[in-house]
Amino acid sequence: LYLSYHLDRAKLTMDYRVINKDIDTMYYHIGAHPGFILPISADEKLSDCVLVFEKKEDFISYEYDLEHLEFNETKKITHKSNGYTLPLTVSMFDQDAVFFEHTNSHKVSFLNIKTKKGVTLAYPDFKSIAFWTPAGGNAPFLCLEPWNGSAIFHQDDDVLSHKRGILSLEAGENHNYHLEITLNE
């Protein structure tokens, strides 16, 4: 796994390259976990922020079972939104990450609705995205997590090659993944 980072003014570019140097098929998941200080002043809160997607979304996520540490495809949550904008609430994160398995968008902005300050994350090579902050709303950050793959699902068996969203590379193959984070000022 090779990672390269390039900072150009208000944009951070991240490129990942996965190479299978073995003679056997390699199975893997890949993702990122960048966290951002909430773009708010001392008197504002998480509910003063939104996620704005580039395309219309259904905003249906899977509930995460904290007791068994797994998602369950039969337990879905529909989040209130207008199709492009997802308002943030503390209670959204009571069951850990909010995970959208497939999105129409590959770009999302985390913005303060009053100041419009925040960040935009472009994730063209990732199928899924999750959002996370610790339950209770006391942490001053939100993580925007593009993923290919996910945490385990209740329906998964114990064979890695069967895991939901698993990726593979044959011997000698490689694959690149690209992310961009831009400050919105």
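Atoms considered below: every heavy atom in the structure, side chains included; atoms not considered: hydrogens, waters and symmetry mates.
The two residues Met92 and Leu88 come nearest to each other via the heavy atoms SD-CA, 3.7 Å. For Ser168 against Thr25, the heavy-atom pair with the smallest separation is CB-CG2, 3.9 Å. Between Asn112 and Lys114, the shortest heavy-atom contact is OD1-N, 2.6 Å. Considering every non-hydrogen atom in both Asp94 and Val90, the closest pair reads OD1-O, 3.8 Å. Taking every heavy atom of both residues into account, Ser128 and Phe99 meet most closely at CB-CE1, 3.5 Å. For the pair Gly35 and Cys143, the tightest heavy-atom approach, listed with the atom from each and the gap, is CA-SG, 3.7 Å.
With hydrogens and angles ignored, the 3.5 Å screen pairs no side-chain donor or acceptor of Thr78 with any backbone N or O of Ile60. Checking side-chain atoms of Asn20 against main-chain N and O of Leu169 turns up a donor-acceptor pair under 3.5 Å. Using a distance-only test at 3.5 Å, with no hydrogens or angles considered, a donor-acceptor pair links the side chain of Glu54 to the main chain of His106. Within the 3.5 Å criterion, the main-chain N or O of His178 finds a donor-acceptor partner in the side chain of Asp125. Between the side chain of Tyr16 and the backbone N or O of His175, no donor-acceptor pair lies under 3.5 Å. No side-chain donor-acceptor contact under 3.5 Å links Tyr27 to the backbone of Leu167. For Gln95 (side chain) and Asp65 (main-chain N/O), no donor-acceptor pair under 3.5 Å exists by modelled atom type. No donor-acceptor distance shorter than 3.5 angstrom exists from the side chain of Ser109 to the backbone of Leu111, with no hydrogens or angles considered. Using modelled atom types, one side-chain atom of Asn104 and one backbone atom of Lys56 make a donor-acceptor pair closer than 3.5 Å. One N or O on the side chain of Asn148 and one on the backbone of Lys127 form a donor-acceptor pair closer than 3.5 Å.
Ile129 places a side-chain heavy atom less than 4.5 Å from the side chain of Leu121. Residues Glu145 and Phe131 are not in side-chain contact: their nearest non-hydrogen atoms beyond the backbone lie 4.5 Å or more apart. The closest side-chain heavy-atom distance from Ile181 to Leu179 is not below 4.5 Å. Considering only heavy atoms from C-beta on, Lys11 comes within 4.5 Å of Glu180 through its side chain. In this structure, His68 and Ile152 have side chains that are not in contact, with every pair of non-hydrogen atoms separated by 4.5 Å or more. By the 4.5 Å heavy-atom criterion applied to side chains, Leu1 and Arg17 are not counted as neighbours. You'll find the side chain of Ile30 reaches within 4.5 Å of the side chain of Phe126, heavy atoms only. Residues Phe93 and Val98 form a side-chain contact, since some pair of their non-hydrogen atoms from C-beta on lies under 4.5 Å apart.
If you take CG on Asn174 and NZ on Lys21, they are separated by 10.5 Å, rounding to the nearest 0.5 Å. To the nearest 0.5 angstrom, Ile113 atom CD1 is 10.0 Å from Thr85 atom OG1. Atom CG of Asp15 and atom OG of Ser4 lie 4.5 Å apart (nearest 0.5 Å). The structure places NZ of Lys163 at 12.0 Å from CD of Gln155, a figure rounded to the nearest 0.5 Å. Of the inter-residue distances, the one linking Leu7 atom CG with Thr13 atom OG1 reads 8.5 Å to the nearest 0.5 angstrom. For the atom pair Lys80 NZ and Asn82 CG, the distance stands at 14.0 Å (nearest 0.5 Å).
Phe141 and Trp132 have tilted rings, their planes meeting at an angle from 30° to 60° on a 0 to 90° scale. Ring geometry, Phe71 versus Phe153: the interplanar angle falls from 30° to 60°, so the pair is classed tilted. Using cut-offs of 30° and 60° on the angle between ring planes, the pair Phe100 and Phe53 is perpendicular.
Donor-acceptor pairing under 3.5 Å is lacking for the side chains of Glu101 and Ser150.
A continuous path of Ile, Leu, Val, Met, Phe, Trp and Tyr side chains, each step under 4.5 Å between heavy atoms, connects Tyr62 with Leu66, placing both in one hydrophobic cluster. The same ILVMFWY cluster, assembled from side-chain heavy atoms under 4.5 Å apart, contains both Leu3 and Met26. If you chain together hydrophobic residues whose side chains sit under 4.5 Å apart, Phe110 and Met14 fall into the same group. By the rule that hydrophobic residues join a cluster once side-chain heavy atoms approach within less than 4.5 Å of another member, Tyr123 and Tyr5 end up as members of one cluster. When hydrophobic clusters are built by joining Ile, Leu, Val, Met, Phe, Trp and Tyr residues whose side-chain heavy atoms come closer than 4.5 Å, directly or via intermediates, Leu142 is grouped together with Phe59.
The number of heavy-atom neighbours closer than 6.0 Å to CG of Asp158, taken from other residues, nucleotides and ligands shown, is 12 or below. No more than 12 heavy atoms of other residues, nucleotides or ligands sit less than 6.0 Å from atom NZ of Lys107.
Every residue two or more places apart in sequence or in another chain was checked for a side chain to side chain donor-acceptor pair (under 3.5 Å) with Asp8, and none qualifies. Looking at residues two or more places apart in sequence or on another chain, you find no side chain to side chain donor-acceptor pair (under 3.5 Å) involving Asp58. Residues satisfying the salt bridge (Lys or Arg N to Asp or Glu O under 4.0 Å) test with Glu73, not counting sequence neighbours, are Arg164.
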Stepwise, does the side chain to side chain contact (heavy atoms under 4.5 Å, CB included) test hold for Leu86 with Val108? CA-CA 10 Å; Leu86 180 62; Val108 62; over 6 Å; no
